[in-house]
Amino acid sequence: MQGGLVALVSVAYLGMLFAIASFGDRRAEQGRSLTNNPYIYALSIAVFCTSWTFYGSVGLAARSGLDFLPIYLGPTLVFVVWPVVWVKIIRICKVNRITSIADFISSRFGKSSRLGGLVALIAVIGTTPYISLQLKSVATSFEIITGTVGADGWGLGALGAFGLDTTFVIALALAVFSILFGTRHIDASEHHEGIVAAIAFESIVKLFAFLAVGFFVTFGIYDGFSDLFHKARDAGLQKLFTVSDGGGYADWVTMILLSMLAIICLPRQFYITAVENADENHLRKAVWLFPLYLLAINVFVLPIALGGHMAFGGTGNADMFVLTVPIHHGQETLALFAFIGGLSAATSMVIVAAIALSTMVCNNIVVPLLVNRRWVDLERQGDLTGLLLTIRRTAIVGVLILGYGYYRFASGSYSLVTIGLVSFAAAAQFAPAIIGGIFWKGASLKGAMTGLALGAAMWAYTLLLPSFAQSGWLPIRFLDYGPFGIEFLRPYALFGMEGFGTLSHALFWSMLVNIGAFVIVSLLDRQSTIERIQGALFVDVFEHTEDLRDERFWRGSATVGALRDLTGRFVGEDRATTAFQSFALAQGRELAPDSAADSRWLDLAEKMLSGAVGSATARVMIGSVVKGGIVRLDEMYKILDETSQAIRYSRMLETKSRELEDTTQQLQSANERLKELDSLKDDFLNTISHELRTPLTSIRAFSEILTDTPDIESGQRTHFLDVIRTESERLTRLIDQVLDLAKLEAGQMEWSVEAVDPCPSVKGAVAAMDALIRERKVAVILDVPKSLPKVRADRDQLMQVMINLLSNAVKFCRNPNGEVRIEADVRDGFLSISVTDNGDGIPPEHRDGVFEKFHQFNRGSDRMPRGTGLGLAICRHIVTYLGGDIRVGDNPKGSGARFTFTLPTA
Amino acid sequence: MKRTGRKNEWSLTLFAVGVMVFFPPLMNLFDKPTLVLGVPLAYLVLFGAWGVIIAGIWLGVRPSAPPPSKTARDGGE
């Protein structure tokens with residue numbers, strides 16, 4: 001057939017697609033959506049059927065029989081459980097406005113941009129072989145239909161004569177086409193209605209083209225299925241009638257599992273099924289229509305393979321039987337139709353994959369990089385659509401060039417299905433993160449990152465690198481003897497695991513490390529709050545969105561009716577209704593159950609509920625209705641728990657700092673006390689040295705006079721000697737008292753406390769002071785009852801107290817008619833003895849101080865100290881020690897002071 | 001879309017049937033090169049079971065009879 005004609009028909013077909021897409025977009029803009037239709041949706045999901053299905057399945061069937069089926073049985077099984085898987089994924093995508101599989105995974109795991117970038121990267125690398133598969137099939141089919149190669153399917157490129165590689169031209173053409181399609185404008189929504197319409201149309205074309213060839217082979221060349229199969233059996237092709245020619249089912253099972261994962265995880269499948277879904281209800285039809293489509297397109301695979309086998313006698317490129325069999329039988333028009341079918345299968349895949357991948361590359365790799373590295377000031381630039389479009393277009397060209405590169409350098413010797421399975425295995429790496437992410441709240445970001453990275457690395461090592469090695473880009477020894485000759489690490493028999501197909505082997509190892517790391521790291525990791533919130537949003541998506549009532553709360557409000565129903569459940573319907581009605585009447589309104597409830601209604605409901613179930617529960621109940629669970633209750637508790645932990649910590653800190661402040665204050669006051677004590681000690685030393693110096697000075701002065709003037713009058717000498725003697729006595733007394741006080745203060749005084757008769761002590765004291773009393777000419781009146789009860793005291797110390805008080809009274813009784821009165825009295829188990837003089841008395845401001853050490857308020861004209869200033873201090877110490885009390889007051893019978901002390905009676 | 005528990009149960013049952021038919025050891029029974037009705041046995045059984053499962057999905061997705069309004073308002077699973 002003329003190359004020009006084929007090219008023209010191809011371009012015309014692509015032009016028609018473009019027209020359909022434009023039409024779809026226009027209809028969408030007018031609000032009369034073409035794709036808001038379950039049939040279109042189901043057909044668009046059939047983008048799953050690519051050149052692999054159209055050409056590759058027949059090739060595989062011609063080699064190993066029914067082995068091509070698992071790739072379609074797996075997706076059917078996934079669509080069987082659509083209520084569990086698809087509804088959930090689609091709901092999540094809608095609620096979270098997800099635009100791609102990378103977006104989905106990164107959003108699930110705390111909106112991590114690094115994880116999104118990793119997913120996008122794996123998606124691009126993983127899809128590359130798949131795109132190369134399409135390029136290869138289009139190029140090969142073009143060469144066959146234009147007759148530049150033999151009907152056996154092998155030959156030189158058609159455009160080789162012009163120095164051009166057909167595949168490269170096709171790659172460029174598809175890139176341009178995808179750019180025209182997918183990036184004409186940046187949509188505000190994530191839907192590309194025009195493309196979905198075009199993809200659906202392509203699905204019809206490829207199905208009918210394939211069925212046409214199938215019909216021709218089965219009913220044109222042969223006389224129906226029975227005839228065909230019988231002839232095939234006669235030709236010795238029975239081994240193609242079975243799944244396994246005695247070789248076990250490991251690869252069969254592997255491929256079913258792999259395709260189950262792929263139908264969810266292939267970036268373009270996810271995009272078309274979940275992101276482009278216009279209405280969840282479309283699933284109801286799509287879930288059986290899509291498997292039916294798969295079944296229909298597969299019915300004739302085996303017949304065409306057998307027909308090809310019989311036509312070419314087992315030679316020829318089995319991957320191209322769909323094309324070569326009609327040509328062999330002279331059906332050129334049918335062959336052209338088949339070519340267009342193959343073209344549609346390839347273009348639909350490439351367009352959707354390119355759009356999905358370019359969106360991911362743009363949104364999850366380039367833009368985050370631009371923003372994070374601040375290469376472009378996104379905030380300052382106004383209109384970014386131009387930048388985004390450029391990124392996406394560049395990404396599309398890049399993706400196709402990658403695909404072409406892989407085709408050129410790595411996929412040459414592989415069959416279509418083998419290349420496709422490499423991509424399937426890459427996409428399957430997303431499965432743990434997606435499936436785990438929507439069913440397991442504990443799945444964490446680090447778990448997903450580690451699992452994905454390890455799984456992808458294992459995939460690259462066991463599938464991608466070997467394909468490079470087989471194409472000569474790596475030394476082939478790498479496959480046979482492992483890297484650096486380490487046989488243990490042979491990529492097709494890792495750790496010595498042999499006896500599996502390369503695919504099963506790769507899938508086993510990559511899934512082992514992927515799932516293993518995902519689960520173990522998730523279990524060991526602590527989720528951040530955003531991860532937990534996103535986890536709950538994804539796993540419990542139905543709980544937020546299922547109910548009509550909940551949907552209203554989703555928008556942030558509760559209705560009056562909902563509140564009334566809730567209250568009614570606890571307090572009784574009638575009561576609730578009556579209360580709500582009267583509340584509405586009080587506001588001058590009708591009760592409108594559908595109106596949004598404001599805080600007054602909430603208040604009413606909460607109060608009524610509080611009466612029935614207590615305020616805490618009422619609050620929770622109201623909360624459950626009003627908030628509608630953006631975050632589930634247990635999540636809320638977890639967050640609260642975290643917050644309260646933080647609060648607890650800060651409380652602890654507060655307490656600590658308060659304790660610290662207290663300690664500091666204590667330290668400060670202790671320090672001040674120490675300073676005070678220090679200054680007291682200084683004062684004491686000052687005073688005592690002064691007190692000691694005064695008598696010493698006079699002793700020294702008089703002694704010097706006596707020494708220097710030997711002829712002094714005898715009367716004067718006697719006087720001087722008297723002074724010296726009294727001053728010495730004073731000095732002795734002072735030192736004695738200082739020592740006593742020191743002993744008392746240090747608690748080293750030896751006490752002999754017993755029952756003591758106070759009278760002898762009092763009288764003894766008066767007797768001891770006799771000389772002084774006479775000298776001062778003071779009358780001492782002893783007004784003490786004849787018999788006094790005994791007191792608990794130390795005899796000597798009691799005497800000391802009396803002597804001190806008496807000497808003070810006598811000394812300071814500066815009155816010509818000096819009189820000191822000693823009285824005793826018993827009251828409340830205490831003996832109280834008072835010493836009263838009729839001197840000047842003690843002014844009230846000094847009364848507190850007189851018991852302090854060295855406290856003297858000297859009012860004598862000569863300013864000479866009358867006492868040591870220690871007597872009263874010693875008295876207080878003694879009396880306090882003996883359990884009594886000492887105080888000073890006024891003389892009740894005139895001027896003067898009165899000292900009274902008490903002692904407990906024995 | 002309203003999801004009901006019955007749909008989940010039905011779809012999981014159907015899934016179990018699919019797994020049983022499409023996985024060994026049951027496959028050993030029919031994976032033989034004999035022709036039945038002029039068609040290979042494995043081809044017949046696999047496509048037959050496939051069709052039955054698709055019919056099963058179709059049965060499962062039919063909208064159930066509208067529930068009484070009270071339950072509709074309570075909703076949920």
Side-chain angles (χ1 to χ4, degrees), chain A residues 65-66 69-70 72-74 76-84 87-88 90-91 224-230 232-233 237-245 248-250 252-253 256 279-281 283-285 287-292 294-295 298-299 302 542-543 546-550 561 565, chain B residues 1-28 30-63 69-70 72-77:
Chain A
L66 293 171
L69 272 180
Y72 310 96
L73 295 178
T76 302
L77 288 177
V78 170
F79 272 78
V80 165
V81 288
W82 65 278
V84 185
V87 178
K88 192 162 197 178
I90 289 172
R91 183 77 60 87
F225 286 103
S226 182
D227 180 41
L228 186 144
F229 284 124
H230 277 105
R233 189 181 60 183
L237 294 175
Q238 297 107 306
K239 71 179 172 68
L240 301 184
F241 290 178
T242 59
V243 170
S244 160
D245 194 18
Y249 293 100
W252 169 273
V253 170
I256 290 188
D279 183 342
E280 271 180 34
N281 281 307
L283 266 180
R284 286 183 188 282
K285 287 224 161 52
V287 289
W288 61 270
L289 274 175
F290 172 62
L292 190 63
L294 293 181
L295 186 142
N298 276 295
V299 165
L302 191 61
F542 295 128
E543 285 172 33
E546 189 78 308
D547 201 358
L548 183 63
R549 190 192 294 154
D550 276 343
D565 291 353
Chain B
M1 179 194 287
K2 274 272 190 352
R3 293 154 56 259
T4 56
R6 295 297 288 275
K7 275 197 183 16
N8 277 350
E9 287 162 21
W10 175 254
S11 69
L12 289 174
T13 310
L14 212 54
F15 182 77
V17 171
V19 168
M20 219 165 58
V21 179
F22 296 143
F23 282 74
L26 215 58
M27 275 192 67
N28 289 319
F30 57 81
D31 192 20
K32 298 196 168 68
T34 47
L35 291 181
V36 176
L37 307 172
V39 174
L41 181 61
Y43 182 89
L44 193 68
V45 173
L46 284 174
F47 275 87
W50 197 356
V52 167
I53 285 172
I54 292 170
I57 306 177
W58 176 74
L59 275 176
V61 297
R62 284 177 317 155
S69 60
K70 172 86 179 143
R73 205 181 58 203
D74 287 342
E77 291 189 60

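Lettering follows sequence order; numbering is per chain, from 1.
Both the backbone and the side chain of A/N298 come within contact range of chain B, with heavy atoms under 4.5 Å apart. In this structure, no portion of A/F290 lies under 4.5 Å from any heavy atom of chain B. Looking at A/L66, the atoms closer than 4.5 Å to chain B (heavy atoms on both sides) all sit in the side chain, from C-beta outward. Heavy atoms of A/L294 lying under 4.5 Å from chain B belong to its backbone as well as its side chain. Proximity to chain A is limited to the side chain of B/L46, based on heavy atoms less than 4.5 angstrom apart. Only the side chain of A/I256 comes within contact range of chain B, judged by heavy atoms closer than 4.5 Å. Looking at B/L14, the atoms closer than 4.5 Å to chain A (heavy atoms on both sides) sit in the backbone and in the side chain alike.
Atom CZ of residue A/F241 and atom CG of residue B/L44 lie 12.5 Å apart, to the nearest 0.5 angstrom. Residue B/I53 holds its CD1 atom at 8.0 Å from CG of A/L73, rounded to the nearest 0.5 Å.
The aromatic rings of B/Y43 and A/F225 lie tilted to each other, with the angle between the two planes from 30° to 60°.
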*What do the steps show when you test A/L283 against B/V61 for side-chain contact (heavy atoms from CB on, under 4.5 Å), and what is the final call?*
CA-CA 9 Å; A/L283 266 180; B/V61 297; over 6 Å; no
*Test side-chain contact (heavy atoms from CB on, under 4.5 Å) on B/F23 and A/Y249 and set out the steps.*
CA-CA 8 Å; B/F23 282 74; A/Y249 293 100; over 6 Å; no
*Take B/F22 and A/L69 through the side-chain contact (heavy atoms from CB on, under 4.5 Å) test and state the conclusion after the steps.*
CA-CA 10 Å; B/F22 296 143; A/L69 272 180; over 6 Å; no
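Ranked by heavy-atom pairs under 4.5 Å with chain B, the first of A/S226, A/A232, A/G224 is A/S226. Here B/P40 is the residue among B/G56, B/G51, B/P40 with the most heavy-atom pairs under 4.5 Å with chain A. Between chain A and the options B/W58, B/W50, B/F47, heavy-atom pairs under 4.5 Å are most frequent for B/W50. With chain B as partner, the option from A/L289, A/V78, A/T76 having the largest number of non-hydrogen pairs under 4.5 angstrom is A/T76.
Counting all heavy atoms, side chain and backbone alike, B/G18 lies closest to A/L77 at CA-CD2, 3.7 Å.
At least one side-chain heavy atom of A/P291 sits less than 4.5 Å from a side-chain heavy atom of B/I57. Side-chain contact between A/F79 and B/I54: absent, with no pair of heavy atoms (C-beta onward) separated by less than 4.5 Å.
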